[in-house]
Protein chains: 2
Amino acid sequence: MGLRERKKQATRRALQEAAVGLTLEHGLENVTVEEIAAAVDVSPRTFFNYFPTKEEAVLGNAPLSPDEESREVFAMGGPTGDFVNDLTHLITASFASWEDVTAHRTLMRLRKQILEKEPQLAPRAFAQLHGAEEGLGRTIARRLGSAPEDARPQLIAATAMSVMRHTMKRLDFHEGEDAEHVRARLREGFHHLSEVYAPSSG
Amino acid sequence: MGLRERKKQATRRALQEAAVGLTLEHGLENVTVEEIAAAVDVSPRTFFNYFPTKEEAVLGNAPLSPDEESREVFAMGGPTGDFVNDLTHLITASFASWEDVTAHRTLMRLRKQILEKEPQLAPRAFAQLHGAEEGLGRTIARRLGSAPEDARPQLIAATAMSVMRHTMKRLDFHEGEDAEHVRARLREGFHHLSEVYAPSSG
DNA sequence: CGAAATTTTGCATCCGATGCAACTATGAGG
DNA sequence: CCTCATAGTTGCATCGGATGCAAAATTTCG
């Protein structure tokens, strides 16, 4: 990787960290793009060459869609044959590089703190998960062999994302949390659902 | 109701309709607050006396939380004794006045069209449901007698909101859709979930 | 009618965001 | 090393959303 590319990565990272740090310190509304840019010693205009909005610098914008191979495996009935368990594999495959997430645990933790302090940002954070929802529904439809007008796959995708969201909310991004750990938590969540929503369980 | 109050309601309604109409016609980004205000023959500044943001005029801001009595009934094990069925009652009670919703079917339909055409607005629309989630979780916790550290009520609330969202997406806001109709659709949704997430159903 | 309360409005201002053109740094080839 | 092409940075102008404030205008009520 050349000098040019390295500098870009460094600037990007620095802007994210400045955005996160300043937001935690003063609150999102009391931090201007001008300040963030100044902290990194870059012009305000450059900030917008890296991030389309201030919020995106604060929250990050992980792409969040399972790779083609994982989708194919899931659609064909794998990897284990158990629907719920396979679903947890598909979901965790969404983190294009889970190592990346764990490598930046500190940043993730700070972002979690921000989300707790600034509820206005929550919708924007959901938008990422929601973006993946439709595609997830299509993959589920393939596995189930559903007719196109069957609404169930989308429903399953929507609730699965809820479980994912619920699970992520309780992650603390420390060492122990690898993909298998997350899958275990997801399985727990799905299990709770099957208990609660079973007929006459109240 | 005095003249003053009536005029306010009229202005509010007119602004919403102008916002919705212009947005459908030209797209959200191509409609300015100035234009919306001009269409209602009101100063731009006045627009912001009614709505804090342009988006809120377009999407509306129904409060969306069940009334105290409905929460109490649910927490105490009613109204039917079946958990899932009672949950559908609690959720539909969230529409402080369902009549209001049905009375403005046209506006609701237009908003639905907007949400399909302008995906950027979806997160903001979810925010309303998300706002109700935590409170719903607490009510569920009361009914289940859960310990405070039990995460299940929040999980149930989150997925219930997903089912609600999924259901609302398929409403078309015509005459037949009263609260009981919606509850039936919700029950269907919950039923699908119990089937799918049941152990070894793949 | 006239005073009090409430709304509307204009004005100034801030800040996020975008397009554009000039400038600067990097990378590749002779 | 120098030069050119390319990519990235910067300043500038501009737009539009949003807010605070104080001066009109309007409704309410005595």
Side-chain angles (χ1 to χ4, degrees), chain A residues 1-23 25-61 114 118-121 123-125 127, chain B residues 1-61 114 118-125 127:
Chain A
M1 194 192 324
L3 170 62
R4 194 173 260 168
E5 197 62 22
R6 261 181 295 133
K7 271 196 174 179
K8 268 178 69 171
Q9 296 302 329
T11 302
R12 183 178 195 80
R13 171 62 54 87
L15 283 172
Q16 284 182 341
E17 286 173 356
V20 167
L22 289 171
T23 297
E25 196 168 350
H26 304 121
L28 182 66
E29 296 305 308
N30 302 315
V31 175
T32 67
V33 170
E34 199 175 350
E35 290 169 338
I36 299 173
V40 182
D41 222 60
V42 154
S43 85
R45 189 62 184 82
T46 296
F47 176 92
F48 288 106
N49 287 343
Y50 283 86
F51 304 98
T53 67
K54 186 170 67 160
E55 281 78 11
E56 195 147 319
V58 173
L59 287 183
N61 55 342
I114 290 179
E118 316 256 357
Q120 333 112 30
L121 288 176
R124 217 171 269 255
Chain B
M1 194 192 328
L3 170 61
R4 191 173 262 168
E5 197 62 21
R6 261 181 296 133
K7 272 197 174 179
K8 267 179 74 171
Q9 295 303 329
T11 302
R12 183 177 195 81
R13 171 64 54 86
L15 283 172
Q16 284 183 341
E17 286 172 357
V20 167
L22 289 171
T23 298
L24 266 179
E25 196 168 350
H26 304 119
L28 181 67
E29 296 306 307
N30 302 314
V31 176
T32 68
V33 169
E34 200 176 348
E35 289 169 339
I36 299 173
V40 182
D41 222 59
V42 151
S43 87
R45 188 63 184 82
T46 295
F47 176 93
F48 288 107
N49 288 342
Y50 284 85
F51 304 98
T53 66
K54 185 170 66 160
E55 282 77 11
E56 196 148 318
V58 173
L59 287 183
N61 55 342
I114 290 179
E118 317 256 356
Q120 333 113 29
L121 288 176
R124 217 169 269 258

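We name chains A, B, ... by the order of the sequence lines, and we start the count at 1 in each one.
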Can you tabulate the close N/O pairs, meaning under 3.5 Å, that link protein atoms to atoms of nucleotides 26-30 of chain C?
unit_1, atom_1, unit_2, atom_2, d
C:dT26, OP1, A:Lys7, NZ, 2.5
C:dT26, O2, A:Arg4, NH2, 2.7
C:dG27, OP1, A:Leu3, N, 2.7
C:dG27, OP1, A:Arg4, N, 2.8

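The heavy-atom pair separating A:Leu28 from A:Leu121 by the smallest distance is CD2-CD2, 3.7 Å. The shortest non-hydrogen separation linking B:Val20 to B:Val58 is CG2-O, 3.5 Å.
As rounded to whole Å, 14 Å separates atom C1' of C:dA17 from atom CD1 of A:Ile36. Here C:dC14 presents its P atom at 14 Å from CD of A:Glu35, a figure rounded to the nearest Å. Rounded to a whole Å, the CD atom of B:Glu56 is 15 Å from the P atom of D:dG17. Rounding to whole angstrom units, CG of residue A:Leu121 and P of C:dG16 are separated by 13 Å. The interatomic distance linking B:Gln9 (CD) with D:dT27 (C1') rounds to 16 Å, in whole Å.
Non-hydrogen atoms lying under 4.0 Å from DNA chain C are contributed by B:Ser43, B:Arg45, B:Thr46, B:Asn49, B:Tyr50, all within residues 43-55 of chain B. Of all the residues in residues 14-23 of chain A, not one reaches under 4.0 Å from DNA chain D with any non-hydrogen atom. Residues of residues 25-33 of chain A having a heavy atom closer than 4.0 Å to DNA chain C, listed by number: A:Val31, A:Thr32, A:Val33.
Applying the side-chain hydrogen bond (donor to acceptor under 3.5 Å, both in side chains) test to B:Glu17 and every residue at least two apart in sequence or in another chain returns nothing. A:Glu118 meets the side-chain hydrogen bond (donor to acceptor under 3.5 Å, both in side chains) test with A:Gln120; sequence neighbours excluded. Annotation: side-chain hydrogen bond (donor to acceptor under 3.5 Å, both in side chains) contacts of B:Glu34 (sequence neighbours excluded): none. Remark: B:Ala127 engages A:Pro123 in a side-chain contact (heavy atoms from CB on, under 4.5 Å) (not counting sequence neighbours). In terms of the side-chain contact (heavy atoms from CB on, under 4.5 Å) criterion, residue partners of A:Ala18 (sequence neighbours excluded) are, by chain and number, A:Ile36, A:Ala39, A:Val40. For B:Glu35, the side-chain hydrogen bond (donor to acceptor under 3.5 Å, both in side chains) criterion is met by no residue, not counting sequence neighbours.
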Using distance only, find each side-chain donor-acceptor pair of residues 42-51 of chain A under 3.5 Å and give its atom names and separation, not counting sequence neighbours.
unit_1, atom_1, unit_2, atom_2, d
A:Ser43, OG, A:Arg45, N, 3.4
A:Ser43, OG, A:Thr46, N, 3.1
A:Ser43, OG, A:Thr46, OG1, 3.1
A:Arg45, NH1, A:Asn49, OD1, 3.4

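Taking five base pairs at each end of the helix from C:dC1-D:dG30 to C:dG30-D:dC1, the local helix axes there meet at an angle of 10°, rounded to 10°.
With rounding to the nearest 0.5 angstrom, the CD atom of B:Glu5 is 5.5 Å from the NZ atom of B:Lys8. Distance NE2/A:His26 to OG1/A:Thr32: 11.0 Å, rounded to 0.5 Å.
In this structure a side-chain-to-backbone donor-acceptor pair under 3.5 Å is missing from B:Lys54 to B:Glu29.
Contact of the A:Asn30 side chain with the A:Glu25 side chain is not registered, since no non-hydrogen atoms from C-beta on lie closer than 4.5 Å.
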